[in-house]
Amino acid sequence: MSLINSVPEMVVTTKLDEVLNWTRKSSVWYMLFGLACCAIELMQTGGPRADLERFGAAPRATPRQSDMMIIAGTLTLKMALRTKVLYDQMPDPKYVISMGSCSNCGGLFQLAYSVCDGVDKVIPVDVYVPGCPPRPEALTEGLLKLQEKMMQERWLVRGSSAQAAA
Amino acid sequence: MSLAGYEFEVQRDDGLATEEMTLNMGPQHPSTHGVLRFVVKADGEIMRTALPDIGYLHRSIEKISEKVGYHGFMPYTDRVDYVSAMQCNQGWAMVCERAAGIEVPRRGEFCRIIACELGRIASHLLSVGTMVMDIGGMTPFTHAIREREKVNNLLEDLCGARLTFNYMRIGGVAWDLPPGYAEQVTAFLDRFEPFIAEYNDLISYNKIYVERLANVAAVSKEEAINYNLVGPNLRGCGFQYDVRRDEPYSIYPELDFDVPVGTGEVGTLGDCFDRYMVRIKELKESCKIVRQCLDMIPDGPVLARVAKKLKPPVGDAHVRVEASRGDMGWYVVSDGSEFPYRTKIRTGSFSAMSIVDKLSRGIMIADLIALIASLDVVAPEVDR
Amino acid sequence: MSPTEIHQRLQDQHDDAITAFEADALDPFVLVKSDSIVEVCQFLHNDPDLAFDCLTNMSGVDFLKEEYIQVVLHLYSYTHRHAIVVKVNMSREEPSMPSVETIWKAANWLEREIYDLLGVVFTGHSDLRRLLMPEDWVGHPLRKDFIEPEEYHGISTRRESLLK
């Protein structure tokens with residue numbers, strides 16, 4: 001007699017990958033990294049109405065404790081080099097959400113001489129959230145998209161992309 | 001970054017002076033209000049100086065104005081100070097109107113002032129909220145943000161955006177107030193005014209909070225003027241000056257409001273607590289102004305007829321508006337074409353940042369956070 | 001005091017330093033020779049009837065066609081509530097003027113910004129370094145003939161348009 005039949009309401013069968021991913025996606029800690037205008041919306045997303053912590057995303061003050069980096073705002077050339085350092089300091093596996101037009105492609109500030117047009121020139125990006133600035137709902141959607149992406153990762157297959165990333 | 005010329009001694013008579021160390025704070029730091037960097041030279045916990053290093057958010061807004069034209073620059077002014085974008089809109093609109101000699105319809109002026117004062121409430125709420133958070137109290141921040149969300153809703157009804165409004169146009173405002181707006185705003189104000197007292201009960205006179213702020217980094221009136229501190233930072237020194245009252249523009253002369261100043265009620269005059277308290281008191285004054293505007297607003301058009309390709313005559317113009325972070329100077333040079341020849345924006349945070357080096361000498365590292373928060377520095381305004 | 005009276009008072013004291021006065025402009029201004037700017041500003045600050053205790057704004061303007069750089073000082077007196085604009089012209093090739101930092105502390109950062117963005121050298125400034133741009137940046141971006149560099153530390157400053 002199998003174990004599953006004896007206690008059906010207490011046991012869930014699943015794949016090991018899914019358990020791993022499920023635990024990881026439920027506690028994506030993001031680094032407090034407000035650059036510009038979007039930082040205010042990021043703050044309000046963490047605030048009482050949008051409440052990002054419902055989805056397991058809590059702010060951390062240091063890159064060494066974070067799983068995810070939300071690039072919230074315009075990335076200037078002077079800041080771009082520092083952003084790379086911060087990204088390198090984060091432990092793997094790590095994710096990046098690019099929030100707002102400025103960090104997606106330079107946005108309004110493509111005309112500027114001192115702005116890096118797009119954060120993807122410096123670090124790899126997983127999810128792009130459009131808007132100038134995106135509403136808290138849009139950022140939450142971006143987080144959910146990232147969680148979907150995390151659920152698809154395969155850790156037990158040799159040579160998989162997730163392993164390569166880690 | 002070279003630190004030559006910044007050696008000076010901190011007097012300690014307890015025999016505990018140790019060797020000096022240099023610490024780096026920022027650009028990524030949770031309590032620096034955006035990307036600011038300080039090079040701190042400290043002897044233990046006592047700072048010799050905190051030297052600001054800015055420019056991490058320099059987005060060349062002034063140069064962009066030379067490429068996009070007078071009307072096209074309006075969305076960029078939102079990003080000069082995203083925490084209270086309305087007053088930046090107003091500053092740009094006013095300087096262009098002055099240069100080109102445009103008259104704004106009366107109803108348009110009222111719409112502007114209502115929007116500006118709601119923006120000021122939103123800005124000061126964020127300021128006092130994050131100030132508590134920087135010092136270590138998370139809960140009052142969520143209270144302030146809760147109220148800010150309501151102001152954001154009101155501003156969203158007005159112009160469709162929560163943060164970067166682009167509401168004003170040269171010659172007036174883009175849209176009239178939506179139907180039933182006066183009732184909505186009045187309902188919000190009725191609920192909000194008691195909240196100020198509630199917030200004071202919650203945190204303002206909390207003993208720990210007062211101890212953290214009293215007597216820290218006091219500024220004298222003369223020093224403040226010499227460093228060109230403006231707005232709540234200047235009024236915190238006990239000097240009653242407000243551009244809205246003393247160099248009046250728009251419809252402010254017709255309105256009745258007080259100019260709160262620092263009183264040194266818990267410590268030295270001009271310390272961090274005074275600057276904080278001025279902002280709390282200004283919340284009430286803004287409510288008063290909005291109520292008066294809603295009562296007095298006349299009927300009529302909100303936008304004057306302005307040429308699509310605005311070409312002000314050759315020359316320059318300078319205006320000052322009282323933004324949330326104080327007197328904001330807008331300077332525009334026109335060469336008679338449809339693009340501004342040069343734009344210069346002098347902001348309150350810029351001068352507030354330049355005094356940090358002076359004020360930080362001899363205070364504790366933890367007090368630096370209180371100092372920056374009380375000066376209400378917003379990074380894009382410093383760098384532009 | 002009206003701008004005309006302020007100019008008159010300046011003229012009485014520093015006749016040879018003032019080269020022009022424009023009373024009909026939106027903001028009336030006096031044009032001052034660059035080497036006597038410190039004495040003029042000292043007088044404007046110290047004279048009890050003028051008492052310009054605050055430097056509210058300071059901007060640099062690059063006039064490419066006319067071949068000069070202009071530094072514009074907006075002064076304001078909190079004591080008397082009056083204002084005046086002081087302008088200084090200098091050559092485009094080697095723009096330089098004495099620093100007014102000793103009179104108004106606010107000038108420290110404003111001058112650094114003008115040095116950074118327009119390349120005006122302020123002689124006698126205590127700490128003349130770049131303020132906004134990185135220290136290894138080449139050129140002065142607010143000059144009209146500034147050309148944006150192709151890349152900065154390996155980061156390209158160009159982006160292909162998606163709309164083709």
Side-chain angles (χ1 to χ4, degrees), chain A residues 31-51 53 59-63 66 69 71-83 85-87 89-90 100-102 106-117 131-138, chain B residues 26-35 37 53-68 72-73 75-76 78-85 122-123 126 129-130 133 138-139 141-150 152-153 156 161-164 166 378-380 383-384:
Chain A
M31 182 167 74
L32 274 177
F33 189 51
L35 287 171
C37 326
C38 294
I40 307 294
E41 288 295 66
L42 175 63
M43 238 187 251
Q44 305 227 33
T45 315
R49 193 167 78 179
D51 197 9
E53 284 195 42
R60 303 304 299 173
T62 156
S66 326
M69 188 181 206
I71 311 278
T74 320
L75 191 74
T76 59
L77 291 171
K78 195 172 177 180
M79 195 62 203
L81 305 173
R82 273 77 174 176
T83 307
V85 172
L86 287 168
Y87 180 74
Q89 282 177 345
M90 282 165 60
S101 312
C102 293
L108 271 178
F109 294 97
Q110 282 193 347
L111 292 171
Y113 53 79
S114 58
V115 170
C116 176
D117 307 337
C132 188
R135 299 175 58 91
E137 293 87 336
Chain B
Q28 190 269 327
H29 190 280
S31 61
T32 47
H33 289 217
V35 276
R37 176 172 170 241
D53 179 16
I54 64 168
Y56 291 96
L57 197 48
H58 176 57
R59 301 190 276 189
S60 46
I61 288 177
E62 291 171 2
K63 183 88 173 178
I64 290 174
S65 80
E66 297 166 12
K67 300 177 184 171
V68 294
F73 189 54
Y76 288 93
D78 289 329
R79 277 99 184 150
V80 173
D81 178 3
Y82 44 69
V83 183
S84 65
S123 166
L126 192 77
T130 50
M133 189 169 74
M138 192 70 194
T139 316
F141 169 71
T142 55
H143 285 246
I145 286 289
R146 184 190 66 205
E147 298 303 316
R148 190 184 145 91
E149 285 276 4
K150 291 180 182 134
N152 279 2
N153 283 351
E156 193 180 355
R162 288 160 50 86
L163 196 64
T164 46
N166 190 18
V378 174
D383 298 342
R384 300 176 306 279

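Note that this is a predicted model, so its numbers are computed, not measured.
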For the [atom1] atom of [X] and the [atom2] atom of [Y], what is their distance to the nearest 0.5 Å?
| X | Y | atom1 | atom2 | value |
| --- | --- | --- | --- | --- |
| B:Ile61 | A:Leu111 | CD1 | CG | 12.0 Å |
| A:Met79 | B:Asp383 | CE | CG | 11.0 Å |
| B:Asn152 | A:Arg135 | CG | CZ | 9.0 Å |

Q) Which bit of A:Ala36 comes within less than 4.5 Å of chain B, counting heavy atoms only: side chain, backbone, both or neither? A)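 Backbone plus side chain of A:Ala36, per the 4.5 Å heavy-atom cut-off to chain B.
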Q: Sort A:Leu108 into side chain, backbone, both or neither according to what part of it lies under 4.5 angstrom from a heavy atom of chain B.
A: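 Contact with chain B is through both the backbone and side chain of A:Leu108.
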Q: Tell me, with the steps shown, if A:Lys78 and B:Val35 meet side-chain contact (heavy atoms from CB on, under 4.5 Å).
A: CA-CA 11 Å; A:Lys78 195 172 177 180; B:Val35 276; over 6 Å; no
Q. Can you find a heavy atom in the side chain of A:Ile40 that is under 4.5 Å from one in the side chain of B:Arg148?
A. yes
Interchain contact, [X] with chain A, by part (heavy-atom threshold 4.5 Å):
| X | answer |
| --- | --- |
| B:Leu57 | both |
| B:Arg162 | side chain |
| B:Glu66 | neither |

(Q) As an exercise: rank A:Ser114, A:Cys37, A:Pro59 by heavy-atom pairs under 4.5 Å with chain B and give me the winner. (A) A:Cys37
Q: Can you sort out the partners of A:Tyr113 under ring-ring contact (aromatic ring centres under 6.0 Å, His included), two or more places apart, ordered by chain and number?
A: B:His58, C:Phe146
Please name the pair of heavy atoms, one in [X] and one in [Y], separated by the smallest distance, quoted to 0.1 Å.
| X | Y | result |
| --- | --- | --- |
| A:Pro133 | B:Leu163 | CG-CD2, 3.5 Å |
| B:Thr164 | A:Cys132 | OG1-O, 3.3 Å |
| B:Arg59 | A:Ala112 | O-CB, 3.4 Å |

(Q) I'd like to check the side chain to side chain contact (heavy atoms under 4.5 Å, CB included) partners of A:Cys102; sequence neighbours left out, ordered by chain and number. (A) A:Thr74, A:Phe109
